[in-house]
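Start at 1 with the first residue, then count along the sequence. Atoms considered below: every heavy atom in the structure, side chains included; atoms not considered: hydrogens, waters and symmetry mates. On a predicted model such as this, the values are computed, not experimentally measured, just so you know.
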Amino acid sequence: MHTAVLHISAQVLLCFLLVVAGVQSAAADEVELKNGDRYSGSVVTMAGGMLKFDTGHGTVDVPWNDVVWATIDTPIVLTAVGLSPTTVPSVVVADGAAEAPPDVTVPVSSIVTLTRPAGPPTLTGGANAGFHSTSGNSQVTSVRLDLQAVLRARQNRYTGNAVVNRASEREVETANNATVDLRYDRFVSPRFYANASALLTTDRFRDLTLRTAVGFGIGYQLSETTKLRASVELGYGYVNKQSVITDDDRYQAAHETADVERSVIGPRFVLFHHHDGFFGLRGNDKLFVQTRNGLRVSLIGGLVTTIEGDLDYDHSPSPGRQQTDRAFTLTFGYRF
């Protein structure tokens, strides 16, 4: 593979590893059995005397009577003899009793079921804008707009992103590009999900009339807390690149994605990283990598400012165009 591609891939991997460092310290459920076996991961459910536990590498089923100690650090619905279904923020099982705040204490043997609360749909996201204008000897105008929305409804997650950049110097246009990223994830367990995505990019100055990249595969949610949200995906991709001065280019590819948001120095400062890579299954020249990296700082209420660096690498650009396109921006916006 071309050395430039290896260099970019190494940078992407290093950034990803640095941002997700500490993921093992994120909140996780734990159980210990009579034989000394211990599991860390997430309680899926307990019913019919069997506990289903997701270790992150698969699920295991163990008899509830074999559990001697456990901690459940996320909300769960507890049903016991003499206790109607009750949603509690956490549970500690020890010495034959289960305790949950604020004042629930029941014998372990009386617990009938443990289930995850369905919860209402949640919508998160934000919008940002950046504008720069100068006059006199240097006449430059630039505008950047970006939108993001994530809808989570039970096992379904829908994500949409859109970015638009425009720039001119002395009334001559110097940048004109846009990207739309649409994703659907279907969770089959608390961590594993199947996904489909579509990444659409147009860039006048790179001779990209429209580059369409669709992907299908599986994903793994490393963490989904207020401090750390991280996921990775791998699957099949198909790329269709339409240009003006060259013939259209279509190819099948291996598709990989990483998405990370991590709070640093308190919740007001968030590092984020997202990248998509499409690596052609035939020929090293069929590939592109697109990344977004930055720091988002909460100001007051939902107002934020964001420093971001974007990179788009295409191993086979149109004649006269560079392989790598970079952009650095400062924007202000609102998060909800």
Side-chain angles (χ1 to χ4, degrees), residues 16-17 19-119 152 154-155 157 185-195 217-235 258 260 262:
F16 176 70
L17 292 176
V19 175
V20 302
V23 66
Q24 296 299 328
S25 64
D29 301 341
E30 292 184 304
V31 298
E32 183 176 344
L33 308 182
K34 291 179 180 178
N35 62 5
D37 289 348
R38 195 164 183 165
Y39 298 104
S40 177
S42 178
V43 169
V44 179
T45 185
M46 194 284 288
M50 294 296 293
L51 174 69
K52 183 179 290 293
F53 195 86
D54 181 7
T55 66
H57 305 287
T59 57
V60 295
D61 295 311
V62 297
W64 180 241
N65 291 334
D66 286 351
V67 175
V68 296
W69 175 86
T71 61
I72 303 174
D73 291 331
T74 49
I76 200 161
V77 180
L78 186 154
T79 304
V81 176
L83 179 69
S84 59
T86 303
T87 301
V88 294
S90 61
V91 178
V92 175
V93 174
D95 300 323
E99 297 183 358
D103 55 4
V104 175
T105 301
V106 296
V108 173
S109 59
S110 72
I111 297 178
V112 179
T113 61
L114 294 171
T115 57
R116 291 294 179 185
R152 181 68 184 266
R154 298 190 177 183
Q155 292 88 7
R157 180 171 62 193
D185 305 319
R186 172 70 180 185
F187 283 83
V188 296
S189 79
R191 293 185 182 270
F192 281 100
Y193 58 89
N195 79 292
I218 58 173
Y220 181 70
Q221 193 74 44
L222 294 163
S223 177
E224 195 170 17
T225 67
T226 55
K227 293 183 178 180
L228 175 63
R229 182 180 61 82
S231 62
V232 292
E233 300 169 7
L234 182 65
V260 183
R262 181 175 177 82

Pair listing, side-chain hydrogen bond (donor to acceptor under 3.5 Å, both in side chains) test, anchored in residues 86-107, at least two apart:
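side-chain hydrogen bond (donor to acceptor under 3.5 Å, both in side chains) check on residues 86-107 returns no pairs.
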
Qualifying salt bridge (Lys or Arg N to Asp or Glu O under 4.0 Å) pairs with a residue from residues 77-87, counting only residues at least two apart or across chains
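Every candidate salt bridge (Lys or Arg N to Asp or Glu O under 4.0 Å) pair involving residues 77-87 fails, so no pair, neighbours aside, qualifies.
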
Hey, could you give me each pair passing salt bridge (Lys or Arg N to Asp or Glu O under 4.0 Å) that has a residue in residues 219-228? Not counting sequence neighbours.
Arg152-Glu224, Arg157-Glu224

Pro89 versus Pro101, closest heavy-atom pair with distance
CD-O, 3.4 Å

Of all the heavy-atom pairs spanning Ala98 and Ile111, show the shortest one and how long it is.
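Scanning both residues completely, I find the closest heavy atoms to be CB-CD1, 3.7 Å.
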
Who pairs with Tyr193 by ring pair (Phe, Tyr, Trp, His ring centres under 6.0 Å), at least two apart in sequence or on another chain?
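By the ring pair (Phe, Tyr, Trp, His ring centres under 6.0 Å) rule, Tyr193 matches Phe187.
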
With sequence neighbours left out, what residues match [X] under side-chain hydrogen bond (donor to acceptor under 3.5 Å, both in side chains)?
{"X": "Arg38", "result": "none"}
{"X": "Thr79", "result": "Thr113"}
{"X": "Asp54", "result": "none"}

Not counting sequence neighbours, which residues clear salt bridge (Lys or Arg N to Asp or Glu O under 4.0 Å) with Arg116? List them please.
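So Arg116 forms a salt bridge (Lys or Arg N to Asp or Glu O under 4.0 Å) with Asp29.
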
Can you give me every donor-acceptor pair (side chain of residues 60-72, partner residue at least two apart or in another chain, under 3.5 Å) with its distance?
from, atom 1, to, atom 2, distance (Å)
Asp61, OD1, Lys52, NZ, 3.2
Trp64, NE1, Val108, O, 3.3

Looking at Arg154, I want to see if its CZ is surrounded by more than 12 non-hydrogen atoms of other residues, nucleotides or ligands under 6.0 Å.
no

Roughly how far, to the nearest 0.5 Å, is the [atom2] atom of [Y] from the [atom1] atom of [X]?
{"X": "Ile218", "Y": "Asn195", "atom1": "CD1", "atom2": "CG", "result": "9.0 Å"}
{"X": "Gln221", "Y": "Asp185", "atom1": "CD", "atom2": "CG", "result": "8.0 Å"}
{"X": "Phe53", "Y": "Met46", "atom1": "CZ", "atom2": "CE", "result": "14.0 Å"}

Kindly indicate, with the supporting measurements, whether the criterion side-chain contact (heavy atoms from CB on, under 4.5 Å) is fulfilled by Asp37 and Val31.
CA-CA 8 Å; Asp37 289 348; Val31 298; over 6 Å; no

Applying side-chain contact (heavy atoms from CB on, under 4.5 Å), name anything that partners Tyr220, two or more places apart in sequence or on another chain.
Arg191, Phe192, Leu222, Val232

Test applied, side chain to side chain contact (heavy atoms under 4.5 Å, CB included); reference residue, Leu78; option that passes from Thr115, Val112, Val91
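Of the listed residues Thr115, Val112, Val91, the side chain to side chain contact (heavy atoms under 4.5 Å, CB included) partner of Leu78 is Val91.
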
